[in-house]
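Report on the structure given below.
Numbered from 1 within each chain, the chains take letters A, B, ... in sequence-line order.
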Protein chains: 2
Amino acid sequence: MTTNARRPSTRTARTSRTSALQPSAAALDDTDRKLLALLAEDATRTYAELGKLLFLSAPAVHERARRLKREGVIKGTVAALDAAKLNRPLLAFVHVDTTSWAVTRQLLALEELSDVEEIHTVTGESAMLLKVRTRDTQSLEQLLARIHAIEGFTGTRSYIALTTYLERGPSPDL
Amino acid sequence: MTTNARRPSTRTARTSRTSALQPSAAALDDTDRKLLALLAEDATRTYAELGKLLFLSAPAVHERARRLKREGVIKGTVAALDAAKLNRPLLAFVHVDTTSWAVTRQLLALEELSDVEEIHTVTGESAMLLKVRTRDTQSLEQLLARIHAIEGFTGTRSYIALTTYLERGPSPDL
DNA sequence: AATGAAAGCGGGCCGAA
DNA sequence: TTCGGCCCGCTTTCATT
């Protein structure tokens, strides 16, 4: 109880008139960040429920969500699947050492494999980093064999995840 | 609404050959996997649209989705946010070397930080692996300083992502 | 197929620039 | 005054039995 019927005064500090388009920046106020955090956690909530949590009306929440989608802050809404239930209990991070950066293009073909979840080029002694999820060690071995078939690499180092304590997507600062 | 086994298994791919052997794996037929792949890509599609893609009626799709949620194959529906738009352009993988596994508990406190996206214990020379996303190198340094403040570690190695070519969640085999 | 709920849309109000 | 954000009506669409 004791819900303050008093709505937090609308301090609209949004300067949406910044005609200078910054591709990688977005003007987010406090309510935006809270809304994004809620949607990143569970996107099935109704706008009415979000409005209660944010002290806003449902259409107002809808407007903000629409704007955030249009600006690309919200890239999409996806279903989070359980890897173990999909017969992929083995998670591994594979560091790939290459002699030249030209090999990078070859590795991008791995995108076709549903085993591969992430592909990054990274700094450090290894050139690329893969996050893969396979059914068992044999499937992982097959994947590594496929990487080794590509010319211009010097080796791979795999780190098999024993326990995953946290796994989530990007979320705002709050 | 009795759950009798009168499922339209005209060409039943849900055979019992491989079932009942793996406890955490779910029994999924071809349509289930296709549906999961579609939902993992975009969960905003309507059931009617999914039905057209799967050659099923909308209620049939709804029933399958409900079953998959109940079984935990679909853990939830979340909004995918753009890290760069959230002022987190710097992605890094941090390998943490520890002397004893007791330190693991300390690192779990990092879950509170929104910078930290993943925490795993892994095999290999390092004991733990973190996926972190920060605003800049200074924020990363602060995070590393916080890790170093914990006793029982021998060091960290960070791999900063230069380019991310692929980043997605678990998806079925198809 | 029918019902109930939620999303989507326009109008008017209010505060700030 | 203009503009942006919010609230409140109604209409349409979808989920659900």
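Protein atom CZ of A:Arg70 is 13 Å distant from nucleotide atom C1' of D:dG4, rounded to whole Å. Rounding to whole angstrom units, CG of residue A:Asp32 and P of D:dG5 are separated by 9 Å. Note: CD (A:Glu49) to C1' (C:dA7) measures 15 Å, nearest angstrom. Rounded to an integer number of Å, the gap from A:Glu63 CD to C:dG11 P is 15 Å. Remark: P of D:dG5 and CZ of A:Arg67 are 6 Å apart, rounded to the nearest angstrom. Atom OH in A:Tyr47 sits about 19 Å away from atom P in D:dC8, given to the nearest Å. Whole-Å rounding puts the A:Phe55 CZ to D:dG5 C1' distance at 18 Å. Atom-to-atom, CZ of A:Arg66 to P of D:dC6 comes out at 13 Å; the value is rounded to the nearest Å.
Between A:Arg64 and A:Leu54, every side-chain heavy-atom pair lies at or beyond the 4.5 Å cut-off.
Between A:Arg64 and D:dC6 there is a side-chain N or O to OP1 or OP2 distance below 4.0 Å. Residue A:Thr46 has no polar side-chain atom (N or O) positioned under 4.0 Å from OP1 or OP2 of C:dA5. Between C:dG8 and A:His62, a contact under 4.0 Å exists linking OP1 or OP2 to a side-chain N or O.
Across all their heavy atoms, A:Asp173 and B:Ser114 have their closest contact at OD1-OG, 3.8 Å.
Clustering ILVMFWY residues whenever any of their side-chain heavy atoms sit less than 4.5 angstrom apart, transitively, puts A:Ile74 in the very cluster that holds A:Tyr47.
Between A:Asp115 and A:Arg135 there is no salt bridge, since none of the side-chain N atoms of the basic residue sits less than 4.0 Å from a carboxylate O of the acidic one.
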